[in-house]
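A note on names: the letters A, B, ... follow the listed sequences, proteins ahead of strands, and every chain is numbered from 1. The figures here come from the full heavy-atom set of this structure, side chains too, leaving out hydrogens, waters and symmetry mates.
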Amino acid sequence: MKGPLDRDGMANRVAQDIPEGAYVNLGIGLPTKVSNFLPVDREIVLHTENGMLGMGPVAGADEIDLDLINAGKIPVTELPGASYFHQADSFGMMRGGHLDICVLGAFQVSISGDLANWHTGGADAIPAVGGAMDLAIGAKQVLVIMELFTRDGQCKLVTECTYPLTGIGCVNTVYTDYAVFGLQSDGVYVREVFGDTSVTGLAEMTGLPLQQLPG
Amino acid sequence: MKGPLDRDGMANRVAQDIPEGAYVNLGIGLPTKVSNFLPVDREIVLHTENGMLGMGPVAGADEIDLDLINAGKIPVTELPGASYFHQADSFGMMRGGHLDICVLGAFQVSISGDLANWHTGGADAIPAVGGAMDLAIGAKQVLVIMELFTRDGQCKLVTECTYPLTGIGCVNTVYTDYAVFGLQSDGVYVREVFGDTSVTGLAEMTGLPLQQLPG
Amino acid sequence: MISKIVISAADAVRDIADGATVMVGGFGTAGQPIELIEALLEQGASDLTIINNNAGNGTTGLAALLAAGRVRKIICSFPRQVDSQVFDGLYRAGQLELELVAQGTLAERIRAGGAGIAAFFTPTAFGTALAEGKETRHINGRDYVLEDALVADYALIKAHQGDRLGNLVYRKTARNFAPMMASAATTTIAQVSQLVELGSLDPEAVVTPGIFTKRLVEVGGALPAVTEGQ
Amino acid sequence: MISKIVISAADAVRDIADGATVMVGGFGTAGQPIELIEALLEQGASDLTIINNNAGNGTTGLAALLAAGRVRKIICSFPRQVDSQVFDGLYRAGQLELELVAQGTLAERIRAGGAGIAAFFTPTAFGTALAEGKETRHINGRDYVLEDALVADYALIKAHQGDRLGNLVYRKTARNFAPMMASAATTTIAQVSQLVELGSLDPEAVVTPGIFTKRLVEVGGALPAVTEGQ
């Protein structure tokens, strides 16, 4: 019996859907892993919202330059054709819809595409939003990569988000360990199933009305 | 008997009031002449709203570069310490109040500082505003340089402008061939009189309530 | 491998359809993408809305496009110039719609369009004829006018150098409207005086990052040879 | 002759008064003007409102200013980090007011402040807790939130090189908030890693024109030597 994807598998799966020539922002955490799996025969331009296009891999020990970091404050490198710009230009690039793809993590995604990924809403939690709300609306396609269930078994693809929202109706596709879900105006379409799960099984596990893509 | 100032004299008079270190935009026409009289011992940085700080003199015959022009589309030169920027940044610089001084021409200025300098309002006239309205609000101090009377003897410093407005309450000082007028919230102050005119004579000629600066 | 380079100005503008809104860079002739405009004239698209600072100079470039009757409306700040006879005639004959915008407001509206800002409050033109019919608001002791963003189907711009990713740098005051227009159009087409190898533009000095450029074409070479890179 | 160069960080920040609003550049430690912050700490001004992307890292720089009780309020996007223990403690103890702003909105509000735009409609944060109580508007099929401009009495920024007119260039992603902050403060103070002769910065590559810089001071020299100019 084949199980669901592990985190590397999920990142790899997202990477396969990023086409040649795409301008892409990979969020902090699991989304960053996607860069490890980008097909080598595709030229893809990475954006980091702290002010750079053409970001290269994480810096090696002898390449570290503390003026050259990604949004997660990790030292990175610069590829030929890179450019630097200030924060107003960088977020204008996102808000203006110029990026092709943002890949984000999430606490919850609703079937209408609402995203919750910035704040647990806990009374004692210190809020910190950073670029999360800008990223949520910051690309032509917003992809979420997340495990389908929390550690205690709660489904994170939900009818309505209970966590504080990051953006409304902004998520296009959800890549999980069990399946890839396309969120469309007429419903949730299962694009691909991993391991031995079936769409019927997924519908039971999630309690959601799922539709299978024809063909 | 000493007459009023000629145009060079007016430009020279304005130039004497521009202090060391000032960032200045000189409008098209008579205001541009002011640059010929800037005291050589003062370092003054000229802005041209088509995207440059550190503009130098008009280009000589062997210096002409059609990519380097002023707002009047005349080829100019570049001084050490110059910088180029795009139109949004250039007008942000003006609108944000970063220039110290703008010098503008005018059809009319009202005693409350309203400026009319972009449009005669004639039915057949083709309107063209360019940067006029941005310049009108584009500096900490807006100076107008103009002859006090039209060719047919109408006073251009008026109680209320009859030409279409460029900006409201935006002019601080009016340099004319007869006098320098400071427009303050409590009235029009004659700062300096040229030639044999007196303040009383000016009040008669203009029909305006003028006050003389004490001392 | 990404390459946004197209072989000719004609190829670059081929898909511009009748009725398109087209931003055209330049302040007077500085930065005017003359070869792209000529290709557009040749291509034949009509009923265009043009966004430019001016409304054509002399009888070439934008003026020729106007003279050929291809333009329905022009959004600009300074149509009337000593050499704007083509515009003047069409406007007086009622054959061209004009939306007059203060120059800084024009620049800011285009920037807003590129940056996803829908509208903004500006002090420019408050109390003037150009603010008539517009929403105003008193904020922190000053009066402002609400202006909305401008976007376009195409932007035609001129840059100095560009690489295959579409990174662009400009020359002196020819930069003017191009960077904002590049960001505010669905399809931005740049003519460059010189194509350069990827990596030869200083990443600190790139003015228009390639993300904004869809196509670029090398034209002319009227400029003196320049040294590549930094 | 204009010279905005001051001799020490202490001189540069001497006139910052209690109650001042101070923008501080940097994204984390990249671009953080550490020597200016230390001089401000030494100088003693208190009851400050700080505008920064973060709320201090570790125990130095901005964190030290917070720890010393000099800050009344902080406007930022991302206070909570792995090393934000100083902020966390003060915030939990109710000793620090927090205004949380989405990062792109923070950048745009500062830019607006510098560019004389009073307020703007942005789609970011619509429908979220950060838009609560704010005016919204439906424009061309999309929902927007009205955000107002941010200005400050002072901006403390870090640049790579600067000349006596205050023209500045930055290094890589350390540029981040500095150019906007330089434009939005009454008094902008830049620490530069290297002062260079007038004329050695490429006018096409200047990021912050000198008009925005009131004072600059050379500090450190921790960076490897760089070649001046082009």
Side-chain angles (χ1 to χ4, degrees), chain B residues 18-25 38-56 65 67-68 76-102 131 133-142 167 170, chain D residues 1-5 107-120 149-152 155 159 161-170 179-188 195-216 228-230:
Chain B
I18 299 181
E20 163 79 8
Y23 288 86
V24 179
N25 186 301
L38 293 172
V40 291
D41 60 341
R42 295 185 200 159
E43 189 172 15
I44 288 162
V45 182
L46 296 183
H47 173 259
T48 181
E49 65 266 30
N50 52 315
M52 181 186 194
L53 275 169
M55 181 174 65
D65 177 342
D67 284 345
L68 178 48
V76 292
T77 53
E78 169 191 302
L79 296 180
S83 56
Y84 297 102
F85 30 82
H86 61 53
Q87 292 288 280
D89 281 349
S90 187
F91 283 86
M93 213 173 269
M94 297 160 69
R95 202 191 300 112
H98 302 286
L99 292 176
D100 296 297
I101 294 170
C102 278
M133 291 187 183
D134 304 281
L135 286 157
I137 58 144
K140 297 184 184 82
Q141 292 278 319
V142 174
C170 56
Chain D
M1 195 179 80
I2 302 172
S3 180
K4 301 178 178 180
I5 299 164
E108 190 69 11
R109 290 177 66 190
I110 298 169
R111 182 203 172 266
I117 299 297
F120 55 89
L150 279 174
V151 293
Q161 297 178 313
D163 64 26
R164 67 174 171 81
L165 289 183
N167 291 304
L168 303 175
V169 296
Y170 302 90
M180 286 89 67
M181 289 180 171
S183 74
T186 305
T187 301
T188 291
L195 286 170
V196 299
E197 286 301 310
L198 198 72
S200 63
L201 296 176
D202 178 359
E204 303 281 3
V206 166
V207 177
T208 294
I211 191 172
F212 296 120
T213 310
K214 289 293 186 301
R215 302 170 196 158
L216 72 167
E228 286 190 19
Q230 309 171 46

Original post:
Quick one: what part of B/Leu99 sits under 4.5 Å from any heavy atom of chain D, side chain, backbone, both or neither?
Top reply: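 Both parts, heavy atoms under 4.5 Å.
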Subject >> For B/Asp100, salt bridge (charged side-chain N to carboxylate O under 4.0 Å, His left out) partners two or more places apart >> reply: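 Testing B/Asp100 for salt bridge (charged side-chain N to carboxylate O under 4.0 Å, His left out), a comparison that skips the adjacent residues, returns B/Lys140.
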Original post:
Excluding sequence neighbours, so at least two apart, what forms salt bridge (charged side-chain N to carboxylate O under 4.0 Å, His left out) with B/Glu20?
Top reply: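 Per chain and number, B/Glu20 pairs via salt bridge (charged side-chain N to carboxylate O under 4.0 Å, His left out) with no residue.
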Original post:
Would you say D/Lys4's side chain and D/Leu165's backbone share a donor-acceptor pair under 3.5 angstrom?
Top reply: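 Flag set: sc D/Lys4 to bb D/Leu165 pair under 3.5 Å.
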Original post:
Among D/Val207, D/Val206, D/Leu198, which residue forms the greatest number of heavy-atom pairs with chain B at distances under 4.5 Å?
Top reply: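 The option with the most such pairs is D/Leu198.
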Subject >> Leading residue by heavy atom contact count with chain B [cutoff under 4.5 Å; candidates D/Ala112, D/Gly116, D/Ala115] >> reply: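 Maximum pair count with chain B is reached by D/Ala115.
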Subject >> Non-hydrogen side-chain atoms of D/Thr188 and D/Met181 separated by less than 4.5 Å >> reply: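 No; the side chains remain at least 4.5 Å from each other.
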Original post:
Looking at B/Ala88, B/Gly81, B/Gly21, which has the largest count of heavy-atom pairs under 4.5 Å with chain D?
Top reply: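 Option with the greatest count: B/Gly81.
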